[in-house]
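Each remark here refers to the structure printed beneath this line.
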Amino acid sequence: MTDLETSIADNRAAVGEFIATAKALDAGQWNTPREEGAWRPAQIVQHVAIVYEYSRDLVLGAPPGGSLPRFLRPLLRRLVVDPALKAGRFARKGRAPAMFKPSAAAPAAAEAIARLDAVTGFEAAIRSGHPEGRHYVTHPYFGRIPTRDYVRFQAIHTRHHRRQLTST
């Protein structure tokens with residue numbers, strides 16, 4: 001198995017764990033934030049789905065939204081992506097950019113979880129051989145990242161939010 005296929009399999013496992021945890025929440029937990037000012041589990045699931053939808057579009061070469069100037073991207077990558085890849089988890093707390101924030105209205109569990117099918121589109125986009133996703137992903141904020149590392153970063157992100165679901 002290639003490094004990329006190993007990363008895809010690990011990401012698929014992270015998403016499977018995330019979905020199982022989300023499905024195990026009851027209606028009261030689904031709409032109760034783990035602490036004051038935090039997202040509700042419904043919003044966490046929606047956020048993760050938004051990120052996978054974005055990632056699918058990114059790998060296909062058509063990411064929505066803005067970007068950082070090219071000269072700043074390596075700096076942000078070194079501050080956010082590289083430490084997460086090295087540690088296997090997020091090293092510090094951050095805030096989601098506006099385009100990745102969930103809506104204030106909590107979606108129904110089945111609807112939010114169904115949106116996580118975007119991970120299948122993300123994987124298919126990588127495997128499609130589209131030039132953007134074949135070996136590198138050019139992220140509008142992090143710059144050029146090896147595709148296997150970008151997939152690992154997504155798995156780390158998903159596991160980060162799974163831990164938030166279990167702390168409700």
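This chain uses plain numbering: 1 for the first residue, then up along the sequence.
- Residue Y150 holds its OH atom at 10.0 Å from CG of N11, rounded to the nearest 0.5 Å.
- A side chain to side chain contact (heavy atoms under 4.5 Å, CB included) with F122 is found for exactly one of L60, V59, I8, L58, namely V59.
- Here the CD1-CD1 distance, from I113 to I19, works out to 7.5 Å after rounding to the nearest 0.5 Å.
- Shown here are the salt bridge (Lys or Arg N to Asp or Glu O under 4.0 Å) partners of D57, two or more places apart in sequence or in another chain: there are none.
- No side-chain donor-acceptor contact under 3.5 Å links H160 to the backbone of R89.
- Taking each heavy atom of F90 and I156 in turn, the nearest pair found is N-CG2, 4.0 Å.
- The structure places OG of S55 at 9.5 Å from CZ of F153, a figure rounded to the nearest 0.5 Å.
- Side chain of W39 to backbone of H47: no donor-acceptor contact under 3.5 angstrom is found.
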Name every donor-acceptor pair, under 3.5 Å, that has one atom in a side chain of residues 63-71 and the other anywhere in the protein, sequence neighbours excluded.
none

Run the side-chain donor-acceptor check on residues 75-88: report pairs under 3.5 Å with partners two or more places apart or on a different chain.
from : atom 1 : to   : atom 2 : distance (Å)
R77  : NH1    : F142 : O      : 2.7

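- Among residues two or more places apart in sequence or in another chain, the side-chain hydrogen bond (donor to acceptor under 3.5 Å, both in side chains) test is passed with D10 by R159.
- Within the structure, no pair that satisfies the ring-ring contact (aromatic ring centres under 6.0 Å, His included) test touches residues 9-29, not counting sequence neighbours.
- The closest side-chain donor-acceptor pair between R162 and T21 falls under 3.5 angstrom.
- Within the structure, side chain to side chain donor-acceptor pair (under 3.5 Å) contacts touching residues 103-121 (residues at least two apart or in different chains) are R12-T120, Q46-S103, E53-R115.
- Taking CD1 of I126 as the reference point, atom CZ of R56 lies at 12.0 Å (rounded to 0.5 Å).
- Every residue two or more places apart in sequence or in another chain was checked for a side chain to side chain contact (heavy atoms under 4.5 Å, CB included) with E36, and none qualifies.
- Counting heavy atoms from C-beta on, the side chains of H139 and R73 never come closer than 4.5 Å.
- Residues V151 and S7 come closest through the heavy atom pair CG1-O, 3.3 Å.
- Counting heavy atoms from C-beta outward, L165 and H161 have side chains that stay 4.5 Å or more apart.
- In this structure, E5 and R127 have side chains that are in contact, with non-hydrogen atoms separated by less than 4.5 Å.
- L72 is not listed as a side-chain neighbour of Y141, based on a closest heavy-atom distance of 4.5 Å or more.
- A donor-acceptor contact closer than 3.5 angstrom is absent between the side chains of H157 and Q154.
- Scored by the side-chain hydrogen bond (donor to acceptor under 3.5 Å, both in side chains) test, R148 finds no partners at all (sequence neighbours excluded).
- Counting all heavy atoms, side chain and backbone alike, A112 lies closest to A49 at O-CB, 4.5 Å.
- Applying the side-chain hydrogen bond (donor to acceptor under 3.5 Å, both in side chains) test to T158 and every residue at least two apart in sequence or in another chain returns Y52.
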